[in-house]
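Heads up: the structure comes next, in structure tokens.
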Amino acid sequence: MTTPTTQPSRRSWLGRLVPLALVVLLACLPLLNLSLPGVLPGPTYTPGSLHLMALAMVMAALALSYHLLLGVAGLLSFGHALYFGFGAYVLGIVMAELGLGLVPSVLVVLLAGVVFATLLGAISLRVTGIPFAMVTLAFAQAGSVLVRRDPGRVTGGEEGLRLPTEHVPDALIGVANTRNLYWLALAALVLAFLLTTWVQRSRAGHVAEAVRENELRVRVLGMRPFVVKLAIFVAASVIAIGMGMVHLLLNSGAVPTIVSAEFTISLLLMVVIGGVGSRWGAVTGAVLYVLLNQRLTVLAQAEWVHDLPAVLRIPLSEPMFILGTLFVLVVMFLPGGIAGTVTRLRGRRPSRGGAEPGADRVEQMDDDAREPQHEGAGAARP
């Protein structure tokens, strides 16, 4: 007979074993001959399918970093792509201009990225809400202009930046090594998920959730919301910078579109489709977005689409139009995204973007703040 205490234990073990089994399966895909018609362009061991899956993993890790901003801290940013582009472009520039190898260049970019994100975050977080979104948008637009205009002749302008292959290990160069790049993207996704989970479950993550729900109450408790939000902002930006570097290696270069505000809107779309406040939702939404975008692009180039009447041909030839329509439908009919829908189907009470943990944290901090006062009052009595 099962006792109530064993059920949470089984769920906990399942919650650990299922992700581990999924990672092992993904790691074995390059060694298997599996076909998913309509999803992948070929068997899982072919370079085209491996590249598509690796790109989906990089976008999933990037969506996790945006989840820290929006889902945990409640910060709506329109400039998160700036840090993704920073990682890609600065890594290529450091290797090409300084002549450093891949590993030293990565360390230099990470250190510069922490400083860069801290400075811009300290400025952006002076305001909140829509003004914060506008400030981040302004920074992203400035970065996009610099990349496109290429004042120092280092970014490649509209043509993009080429990966300096002479400073990259041979195992990460060329179509023949797509398998290695796939495993690199998988490792980056696992690391990003672990970092995101650690940050969200840390004290800073709990306080950030509390600030998202009631910033004034957190201030009354004597805490500094600005420092906490800045820490979350920097953590999310550094993860995005790391994914930008993986993206540079995966695509053997970088293009200006990865720094644009439109790219950040795509991240927002991924998180909303997956479910705001859910880590697995962010991963699922990103993978679904990348696969849909790729398949819709192939669909738009099909000959039979060009033979349709204009009322059908124009929408089907524009993947972003279809993805935008999907976004509207999700917002209207699935407000919790994929994660919220799964939660409701499982019969659980849905948490609005993770609001309950933040509210509980406020209550806990409120009780902790009261305890010393009661003790002091009791000690002062005769």
Side-chain angles (χ1 to χ4, degrees), residues 23-32 40-62 64-65 81 83-117 147 152-156 159-195 237-259 286-287 290:
V23 171
V24 172
L25 174 62
L26 291 174
C28 294
L29 283 183
L31 308 176
L32 302 176
L40 297 178
T44 53
Y45 68 88
T46 58
S49 296
L50 290 176
H51 184 272
L52 178 60
M53 291 187 291
L55 180 62
M57 291 175 186
V58 172
M59 292 299 106
L62 183 59
L64 282 171
S65 68
Y83 305 96
F84 183 74
F86 180 93
Y89 272 96
V90 176
L91 177 62
I93 292 172
V94 167
M95 286 192 294
E97 299 298 323
L98 301 183
L100 297 178
L102 178 61
V103 175
S105 298
V106 167
L107 297 178
V108 170
V109 174
L110 287 177
L111 180 60
V114 171
V115 177
F116 182 70
V147 168
R153 300 289 185 266
V154 291
T155 66
E159 296 181 359
L161 177 69
R162 181 189 67 85
L163 175 67
T165 54
E166 61 273 14
H167 302 292
V168 179
D170 294 336
L172 299 177
I173 300 174
V175 178
N177 293 311
T178 308
R179 179 186 300 177
N180 298 332
L181 292 169
Y182 170 87
W183 283 325
L184 176 65
L186 176 60
L189 173 58
V190 173
L191 180 60
F193 191 89
L194 293 177
L195 287 175
S237 301
V238 170
I239 294 176
I241 289 170
M243 295 309 109
M245 292 189 283
V246 177
H247 187 268
L248 175 72
L249 297 173
L250 179 62
N251 291 305
S252 298
V255 291
T257 53
I258 65 173
V259 194
V287 172
V290 172

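Using a 4.5 Å heavy-atom cutoff, the side chains of M95 and L102 are in contact. In this structure, the side chains of P41 and L52 come closer than 4.5 Å at one or more pairs of heavy atoms. Contact check for L64 versus I239: no side-chain heavy atoms found under the 4.5 Å cut-off. With a 4.5 Å cut-off on side-chain heavy atoms, M243 and M59 do not count as touching. Between H167 and L100, every side-chain heavy-atom pair lies at or beyond the 4.5 Å cut-off.
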L26 vs M53, side-chain contact (heavy atoms from CB on, under 4.5 Å): CA-CA, chis, key distance, verdict: CA-CA 9 Å; L26 291 174; M53 291 187 291; 5.8 Å; no
What do the steps show when you test V58 against F84 for side-chain contact (heavy atoms from CB on, under 4.5 Å), and what is the final call? CA-CA 11 Å; V58 172; F84 183 74; 4.2 Å; yes
Check the pair H51 / Y182 against side-chain contact (heavy atoms from CB on, under 4.5 Å), numbers first and verdict last. CA-CA 7 Å; H51 184 272; Y182 170 87; over 6 Å; no
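Nearest heavy atom pair, residue L249 against residue V168, reads CD2-CG1, 4.1 Å. What you find for N177 and D170 is that their closest heavy atoms are ND2-O, 2.8 Å. The shortest heavy-atom contact between A192 and A61 is CB-CB, 3.7 Å. The two residues L172 and L181 make their nearest non-hydrogen contact at O-CD2, 3.8 Å. Closest approach of A188 to V246, counting heavy atoms only: CB-CG2, 4.0 Å. Minimum heavy-atom separation, A60 to L189: CB-CD1, 3.9 Å.
Between the side chain of Y89 and the backbone N or O of G160, no donor-acceptor pair lies under 3.5 Å. Checking side-chain atoms of S65 against main-chain N and O of S237 turns up no donor-acceptor pair under 3.5 Å. S49 places no side-chain N or O within 3.5 Å of a backbone atom of T46 that could act as its donor or acceptor partner.
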